[in-house]
Amino acid sequence: MILSVNHIRFMYPSRPVLDDASFSVNQGELLAVLGTNGTGKTTLLKCINRILQPAAGSVLIGGESVDALGRNALAQKIGYVEQQRSGSRATVFNAVLLGRKPYIRWDITRHDAAVADGALEALGMSGHAFRFLDELSGGELQKVNIARALAQEPEVLLMDEPTSNLDLKNQLEVLKLIRQITRDRGIAAVMAMHDLNLALRFADRFLFLKGRKIHAAGGPDVVTPEIIESVYSVPVTIVSHSGNRIIYPL
Amino acid sequence: MVEKTPAAVLPVSSTDAFLQSSARKRLILLELAILTLLLAVFALHAGAADTSPLQVLRALLQLDTGISNVVIWNIRLPRILAGIAAGAGLAVAGCVMQTSLRNPLASPSTLGISHAAAFGANLAIVFFGAGTIHSSTQDAVLIGNPYLVTLTAFAFSMVAMTLLLLLARLRGFSPESVVLAGVAFGSLFAAGSTLVQYFAEDVQVAAMVFWTFGDLGRVSWQEVAILTVLLTGAFLYFLLHRWDYNALDSGDDSAAGLGVHVEQIRFRSMLAASLVTAVAVSFMGIIGFIGLVAPQIMRRVLGVDHRYLIPASAVTGAALLLFSDTLARTMISPVVLPVGAITSFFGAPMFLFLLAKGYSKR
């Protein structure tokens with residue numbers, strides 16, 4: 001087990017968001033965090049990464065508490081891909097090179113540039129290295145964000161709705177790459193998502209949030225019409241097609 | 001006969017291309033620095049007092065004790081060094097403000113710091129009796145008590161800076177709130193200046209207007225030294241955090257995920273940038289445009305990588321102010337034109353040209 005989240009509680013001044021959230025993720029495993037809007041998916045990811053400081057609970061990576069790590073040391077262990085925002089005037093290569101920031105003492109080395117190069121190649125973006133971010137399509141931009149996180153050489157990868165705003169082709173392409181890379185590199189990945197069918201297709205385990213708490217968690221078996229209806233208040237049915245389970249809202 | 005095979009064309013990796021582009025940017029930086037140095041040498045020679053290059057050299061080496069020695073060491077050299085330090089300081093402050101607040105319009109003047117300094121100077125001229133008439137060949141009006149004016153201007157720019165940072169901290173330091181608060185403070189101090197001017201006498205109004213023109217000729221070696229020490233400290237801090245500024249470009253949460261203490265870096269950067277601005281403006285008056293335009297020009301020429309953008313903004317700011325001041329001194333010599341007007345007059349078209357041309361790729 002690489003990532004262990006224990007009894008996390010978080011409150012904004014106006015309202016509580018998360019209460020007693022506990023789960024763990026193994027190496028090479030992809031966990032989908034699911035739930036309605038405003039249910040605390042993003043907050044959970046930010047608490048793991050200490051972008052937000054939880055009121056209670058602990059996060060361990062390989063048995064070590066993230067509270068014991070400085071920001072750079074933490075960034076060497078956790079890569080974070082935030083919800084997609086518009087691109088800046090940086091070039092793709094410079095953006096991915098930022099993933100090496102936690103390792104930089106005074107300036108980048110040739111090794112840092114080579115790691116960034118490798119991350120771009122893994123995402124199939126080598127040919128775009130010197131384009132500006134604001135010239136890229138949504139899918140390309142998201143691949144750059146993931147490449148930057150990979151350049152951090154993390155043990156844990158947190159992704160906040162990595163396929164939002166992408167078309168179907170790009171959704172499948174990006175998730176396939178995430179699936180492959182996390183398995184190949186033994187990265188424990190946590191991904192907040194909205195699309196249940198994509199989650200079912202690509203994730204190994206599932207965690208449903210409801211009313212500030214973890215409502216259900218487990219393998220594919222936990223994704224049942226009853227659980228989905230209790231979380232989203234929408235009746236669904238699940239059918240099998242070519243070996244894949246597909247969720248239909250009724 | 002052995003047939004020659006064409007040499008294999010090796011594909012250039014992204015790493016190699018990136019390293020090549022970095023080398024190219026360092027070369028541009030070096031060229032800019034040399035250009036600024038040449039400009040400084042020319043500025044030493046140019047001016048109302050007729051000094052030949054040989055006389056300048058002899059005066060610099062302390063071989064000449066005549067009038068040219070006085071002109072070079074007491075007038076031109078401090079003025080040139082002040083131009084370099086103030087230009088570099090204002091430009092680098094503008095660069096860091098723009099990045100920290102993620103707003104291309106952020107600059108010492110748009111954030112109200114210059115207006116606060118002007119209000120302080122106006123107050124000193126009217127209520128502390130620091131403005132008088134002084135006749136000379138160059139100026140009809142001079143500030144009677146420049147130290148008092150400088151101190152009051154500095155005090156008020158620090159008040160503006162403190163209020164701005166305190167308010168921003170209360171609001172969780174969101175870039176938008178800082179920019180909006182800066183605009184509000186700017187309006188407030190500008191209104192204050194208008195009121196002070198309304199109740200002032202003609203001579204005092206003339207002194208106030210004179211102060212706001214901006215003038216590098218006001219500084220002595222002591223002020224150059226203060227500004228240089230402060231600028232060096234701030235510049236080193238900015239350079240040390242150049243990767244943090246690059247990360248801030250990708251958004252606050254992404255930057256935090258890359259190991260940046262977002263609020264801390266934003267607060268300290270604004271503090272250092274405001275301090276440099278406050279000192280420069282208090283010593284020399286309002287020199288607009290440099291803080292806004294120098295970093296924007298360099299963003300377009302060299303890109304948004306702060307490893308190059310910070311030093312390049314500093315050198316460009318220094319060169320722009322030095323060029324403008326030399327022009328102001330020599331265009332209709334012996335009359336010295338307001339340097340702030342010259343910086344805008346030449347900076348604006350250059351900026352518009354680059355705006356139309358777009359960004360450099362690498």
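In what follows, chains carry the letters A, B, and so on, assigned in the order in which the sequence lines appear, proteins first and then strands, with residues in each chain numbered from 1.
Distance alone, capped at 3.5 Å, places no donor-acceptor pair between the Arg15(A) side chain and the Met11(A) backbone. Judged by distance alone, the side chain of Thr182(A) and the main-chain N or O of Arg179(A) form a donor-acceptor pair under 3.5 Å. Using modelled atom types, no side-chain atom of Gln20(B) and backbone atom of Ala17(B) make a donor-acceptor pair closer than 3.5 Å.
Interatomic distance, OH of Tyr245(B) versus CG of Leu239(B), reported as 9.5 Å (0.5 Å rounding).
Heavy atoms of Asn145(A) lying under 4.5 Å from chain B are absent altogether. Interface residue Val260(B): backbone and side-chain heavy atoms are both found under 4.5 Å from chain A. Contact of Leu258(B) with chain A is made through backbone and side chain together, with heavy-atom distances under 4.5 Å. Proximity to chain A (any heavy atom under 4.5 Å) is shown, for Asn246(B), by both the backbone and the side chain. For Asn49(A), the part sitting under 4.5 Å from any heavy atom of chain B is the side chain, from C-beta outward, and nothing else. Proximity to chain B is absent for every atom of Arg50(A), based on heavy atoms less than 4.5 angstrom apart.
Residue with the most contacts toward chain B among Asp107(A), Leu74(A), Leu120(A): Asp107(A) (heavy-atom pairs, distance under 4.5 Å).
Judged by a 6.0 Å distance limit and a 45° cone about the ring axis, Arg242(B) is positioned over the six-membered ring of Trp106(A).
A donor and an acceptor atom, one from each side chain of Asp167(A) and Asn170(A), are located under 3.5 Å apart.
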